[in-house]
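A, B, ... follow the sequence lines: proteins, then strands. Residue 1 opens every chain.
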Amino acid sequence: MLKSLTNVQVWVHDQDEALAFYTEKLGMELREDVTVPEMGNFRWLAVGVPGQDDVAITLMAIPGPPVFDEDTRKKITDLMATGASGGLFFATDDVQGTYEELKKRGVEFQQEPTKQPYGVDAGFRDPSGNSMRMAQLA
Amino acid sequence: MTPVPPARHLLRAKDLVDARYRDPLDVPTLARAAHLSPAHFSREFRRTFGDTPHQYLLMRRLERAAALLRNTDYSVAEICVTVGFSSVGSFTTTFRKTFGASPTAYRAAHPPAATRARVPTCVLLAQTRPQTAAFEKTANGGPASVETQTTDEGG
């Protein structure tokens with residue numbers, strides 16, 4: 001049987017920009033940054049929430065050939081930019097304080113902290129357009 | 001550095017509507033968020049997201065109104081103002097054309113989804129936004145006038 005979830009993947013249009021965003025703005029820690037020359041300089045880049053060591057977020061560049069043809073790569077890039085890709089959900093003990101801190105660091109918020117039936121949540125995006133949410137659950 | 005896809009700038013304008021739908025947003029304001037001229041912005045917004053900026057704003061306000069009807073006991077007049085409409089009459093008319101029921105009837109027919117599942121807000125925002133096509137069909141060929149300060153110059 002499956003034992004645990006270890007990585008989730010988000011497509012990013014620029015790995016350097018994504019790394020700076022996830023570490024410097026969101027405060028995540030770098031877990032792995034490995035470039036493999038024999039795989040066309042494929043770069044495995046993973047970050048994670050400090051204190052949650054068993055789950056990492058892989059910041060994956062959208063590959064061209066031989067993985068995707070140019071048309072497919074462009075379609076994925078364009079879809080991400082429209083906000084059509086999936087999102088990540090985070091928990092926080094202080095959504096208002098975290099919102100203010102992240103806002104100060106330049107994070108783009110779609111939604112200010114708002115009371116919901118399940119607690120208070122807020123929404124923001126990464127530079128590639130991926131949707132992120134954080135919630136302080138009731 | 002990899003160039004930012006043009007749609008990423010348009011997404012900022014769309015996010016601005018989602019965040020500030022209560023305000024009298026106009027096309028120049030949204031176009032500035034996307035770093036485009038107003039006319040070019042409206043065309044590109046529609047091409048990318050399928051709705052004109054004005055239609056998107058209108059549907060967001062109606063979606064938020066429907067959510068408040070389902071989840072709160074606010075009066076229809078309070079909800080009307082809260083989501084950015086300035087006239088209860090036009091709000092009620094537009095709501096009925098879009099959802100096929102008056103706000104009061106809609107409330108009675110829809111218990112809060114949150115009583116059945118913990119649905120994140122982003123999912124509600126996306127899934128319950130009325131479709132512009134349905135609105136246009138019921139509005140006899142075009143969106144009904146909404147008494148807001150919203151303008152849509154190019155869509």
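Residue B:Val17 does not touch chain A at all, counting heavy-atom pairs closer than 4.5 Å. Using a 4.5 Å cut-off between heavy atoms, A:Asp121 contacts chain B through its side chain alone, with no backbone atom that close. With a 4.5 Å cut-off on non-hydrogen atoms, A:Ser128 touches chain B through its backbone but not through its side chain. Within the 4.5 angstrom heavy-atom criterion, atoms from both the backbone and the side chain of A:Gln110 approach chain B. Using a 4.5 Å cut-off between heavy atoms, B:Pro6 does not touch chain A at all.
When hydrophobic clusters are built by joining Ile, Leu, Val, Met, Phe, Trp and Tyr residues whose side-chain heavy atoms come closer than 4.5 Å, directly or via intermediates, A:Val55 is not grouped with A:Trp44. Linking Ile, Leu, Val, Met, Phe, Trp and Tyr residues whenever their side-chain heavy atoms come within less than 4.5 Å places B:Phe99 and B:Phe85 in a single cluster. Connection of A:Val34 to A:Val67 is established within a shared hydrophobic cluster, with ILVMFWY side chains joined at heavy-atom distances below 4.5 Å, either directly or through further cluster members. Both A:Val47 and A:Phe90 belong to a common hydrophobic cluster when Ile, Leu, Val, Met, Phe, Trp and Tyr are linked at side-chain heavy-atom distances under 4.5 angstrom. The hydrophobic clustering, which links ILVMFWY residues whose side-chain heavy atoms are closer than 4.5 Å, places A:Leu26 and A:Leu45 together.
Smallest separation of non-hydrogen atoms from A:Thr77 and B:Pro5: CG2-CG, 3.5 Å.
Of the listed residues (B:Lys14, B:Arg20, B:Arg12, B:His9), the greatest number of heavy-atom pairs within a distance under 4.5 Å of chain A belongs to B:Arg12. Taking chain A as the reference chain and counting heavy-atom pairs below 4.5 Å, the highest number among B:Asp18, B:Thr2, B:Leu10, B:Thr48 is found for B:Thr2. Taking chain B as the reference chain and counting heavy-atom pairs below 4.5 Å, the highest number among A:Ala81, A:Gly87, A:Ala135, A:Ala84 is found for A:Ala81.
The number of heavy atoms from other shown groups lying within 6.0 Å of CG (A:Asp93) does not exceed 12. Environment of CZ in A:Phe109: crowded, with over 12 heavy atoms of neighbouring residues, nucleotides or ligands closer than 6.0 Å. Heavy-atom neighbours of A:Glu112 CD from other residues, nucleotides or ligands within 6.0 Å: at or below the threshold of 12.
We find the CZ-CG distance between A:Arg125 and B:Leu11 to be 4.0 Å, quoted to the nearest 0.5 Å. In this structure, NZ on A:Lys115 lies 11.0 Å from CG on B:Asn71, to the nearest 0.5 angstrom.
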